[in-house]
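See below for the structure under consideration.
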Amino acid sequence: MSIAIDNIKSVLELLDESLSKLGFEKKAELEVEENGAYAVFAGEKGALKIKYENEIAAVYYADDEVALEESGKKLVASLLPEKADNRDVKYVANEITDCLNERFAKKAAVKKGAAGKVPQTVSKTAVKNGSYYDANTLASKLCLVFPELREFHKQNVAEFGEFLPEKFFNEYGTEKVISAIRQNNPQTMKKLFQILNEIYEDGTNDTQSLIAVTILGALENDQILLARCVDYMSETLAPPVIEVNRYLACAAGKKAKKKLLNPPAYKPKKKKKPGLLAQMMAGGGGVTPPM
């Protein structure tokens with residue numbers, strides 16, 4: 001248990017600067033309980049409790065400390081294994097920071113026509129209010145699992161002035177995901193599919209297609225790799241992924257995939273030759289059409 005407590009302490013240390021910038025101050029030292037630990041932060045924007053229990057680091061919010069104890073609202077929860085490494089700790093801290101910034105940070109207005117700015121992600125709160133996760137949010141979340149993707153994400157936006165998901169995933173994102181599935185590290189797999197399951201559940205149709213076809217369709221119906229994924233996929237995500245892989249492995253699917261990867265060269269349509277009657281009329285033959 002002492003190792004787990006050290007992990008949540010490390011997360012809080014990484015969050016210290018972000019919490020301070022957002023106006024939240026620690027009200028007391030970390031309170032250690034039998035099954036976990038928690039710390040409380042408060043400020044003009046309300047009160048937060050960051051709690052660790054059962055290998056989950058969660059953040060609760062209320063208008064004040066009294067309400068926090070009675071009816072705190074969960075803002076975010078992230079897996080923090082008892083035997084977490086530095087990368088796990090940073091992942092949890094980054095996810096919590098993203099959530100708190102999305103909710104409490106003042107956003108600068110983006111000028112019209114400003115190119116190269118990474119688009120805003122769709123928050124859990126927005127989804128609860130009827131929005132849907134988009135491709136940019138998927139990419140941003142995956143950058144938390146694979147930090148090396150961040151630079152490619154920024155380059156994609158800088159190059160085109162907006163985020164082009166197919167280019168990002170076909171060239172970088174999908175390869176990272178498939179590589180992680182091949183390595184089959186339990187902690188990475190849990191984080192990866194926590195994201196894929198959540199975003200597929202409440203994603204736009206295009207985003208769902210990116211996950212099931214572009215990314216997990218690249219498993220190429222490998223039964224060993226699919227079996228690994230099934231252990232982590234939700235009941236919503238697993239059926240379409242399995243079906244997509246089956247289809248892409250059949251003759252029709254292979255043909256369709258080949259066509260997508262190697263589209264035929266554009267050929268302008270040939271002008272349709274006029275019929276015999278039209279040719280004769282154009283040539284001045286003076287033929288009168290039958291009555």
Side-chain angles (χ1 to χ4, degrees), residues 1-84 86-107 120-133 137 140-141 143-145 187 190-199 201-202 234:
M1 187 66 181
S2 60
I3 297 176
I5 298 302
D6 288 341
N7 288 336
I8 192 62
K9 284 181 178 178
S10 297
V11 169
L12 292 174
E13 287 176 3
L14 292 174
L15 290 173
D16 186 60
E17 184 178 350
S18 297
L19 288 167
S20 179
K21 286 181 178 179
L22 293 172
F24 291 99
E25 296 182 1
K26 186 185 290 186
K27 306 305 293 183
E29 293 303 313
L30 186 69
E31 186 75 24
V32 179
E33 301 177 318
E34 183 178 352
N35 298 321
Y38 70 88
V40 175
F41 300 80
E44 294 182 359
K45 298 175 183 177
L48 298 171
K49 176 188 279 187
I50 300 178
K51 184 175 182 179
Y52 175 79
E53 188 175 24
N54 297 326
E55 298 192 318
I56 297 292
V59 180
Y60 298 85
Y61 168 77
D63 290 335
D64 53 55
E65 292 181 60
V66 175
L68 185 65
E69 289 299 318
E70 298 176 352
S71 57
K73 179 183 178 182
K74 184 186 291 186
L75 298 182
V76 62
S78 188
L79 180 70
L80 182 61
E82 185 171 350
K83 296 182 179 179
N86 289 335
R87 187 173 176 180
D88 296 318
V89 169
K90 288 180 181 179
Y91 170 84
V92 172
N94 285 338
E95 186 164 41
I96 292 174
T97 298
D98 285 348
C99 174
L100 296 181
N101 283 337
E102 178 69 27
R103 186 177 182 94
F104 299 109
K106 292 182 179 179
K107 298 179 178 62
Q120 288 290 328
T121 57
V122 178
S123 67
K124 290 184 179 181
T125 302
V127 170
K128 288 180 181 178
N129 292 330
S131 297
Y132 293 92
Y133 290 119
T137 303
S140 296
K141 291 284 188 182
C143 286
L144 295 175
V145 183
Q187 293 179 16
K190 285 179 183 178
K191 293 175 192 172
L192 172 60
F193 281 94
Q194 183 181 19
I195 291 169
L196 296 180
N197 288 332
E198 178 185 4
I199 293 188
E201 183 76 32
D202 294 304
S234 67

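What you see below is based on every heavy atom in this structure, not just the backbone, and it leaves out hydrogens, waters and symmetry mates. Numbers here simply count residues along the sequence, with the first being 1.
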With a cut-off of 3.5 Å and sequence neighbours excluded, list every side-chain donor-acceptor pair involving residues 18-30.
residue : atom : partner : partner atom : Å
Lys21   : NZ   : Glu17   : OE2          : 3.3

For Tyr61, enumerate each residue passing the ring-ring contact (aromatic ring centres under 6.0 Å, His included) test, keeping only those at least two apart in sequence or located in another chain.
Phe104
For Asn129, which residues count as a side chain to side chain contact (heavy atoms under 4.5 Å, CB included) partner, sequence neighbours excluded?
Thr125
Any Tyr60 side-chain heavy atom under 4.5 Å of Leu48 side chain
no
Indicate yes or no: at least one non-hydrogen side-chain atom of Leu80 is less than 4.5 angstrom from one of Ile56.
no
Heavy-atom check, side chain of Tyr38 versus side chain of Ile50, under 4.5 Å
no
State the NZ-CG distance between Lys90 and Leu14, to the nearest 0.5 angstrom.
7.5 Å
Can you name the side-chain hydrogen bond (donor to acceptor under 3.5 Å, both in side chains) partners of Glu65, sequence neighbours left out?
none
Quick one: salt bridge (charged side-chain N to carboxylate O under 4.0 Å, His left out) partners of Lys73, sequence neighbours excluded?
none
Determine whether Phe41 and Leu12 make a side-chain contact, defined as any pair of heavy atoms from C-beta on separated by less than 4.5 Å.
yes
Decide yes or no for Lys141 and Ile199: does some side-chain heavy atom of the first lie under 4.5 Å from some side-chain heavy atom of the second?
yes
Listed by chain and number, what are the salt bridge (charged side-chain N to carboxylate O under 4.0 Å, His left out) partners of Glu69, not counting sequence neighbours?
Lys49
Look up atom CG in Leu144 and atom CG in Asp98, then write down how far apart they are to the nearest 0.5 Å.
5.5 Å
Can you list everything that forms a side-chain hydrogen bond (donor to acceptor under 3.5 Å, both in side chains) with Asn94? Sequence neighbours excluded, please.
none
To the closest 0.5 Å, what do you measure between NZ (Lys9) and CG (Asn7)?
11.0 Å
Looking at Lys190, I want to see if its NZ is surrounded by more than 12 non-hydrogen atoms of other residues, nucleotides or ligands under 6.0 Å.
no
Other residues, nucleotides and ligands only: do more than 12 of their heavy atoms fall within 6.0 Å of CG on Asn86?
no
Can you sort out the partners of Val127 under side chain to side chain contact (heavy atoms under 4.5 Å, CB included), two or more places apart, ordered by chain and number?
Val122, Tyr133, Asp202
List the residues meeting side chain to side chain contact (heavy atoms under 4.5 Å, CB included) with Glu53, not counting sequence neighbours, and say none if there are none.
Asn35, Lys51
State which residues pass side-chain hydrogen bond (donor to acceptor under 3.5 Å, both in side chains) with Ser78; sequence neighbours excluded, sorted by chain then number.
Glu95
Looking at residues at least two apart in the chain, or sitting in another chain, which of them share a side chain to side chain contact (heavy atoms under 4.5 Å, CB included) with Ser140?
Thr121, Asn136, His153
Decide yes or no for Lys45 and Arg103: does some side-chain heavy atom of the first lie under 4.5 Å from some side-chain heavy atom of the second?
no
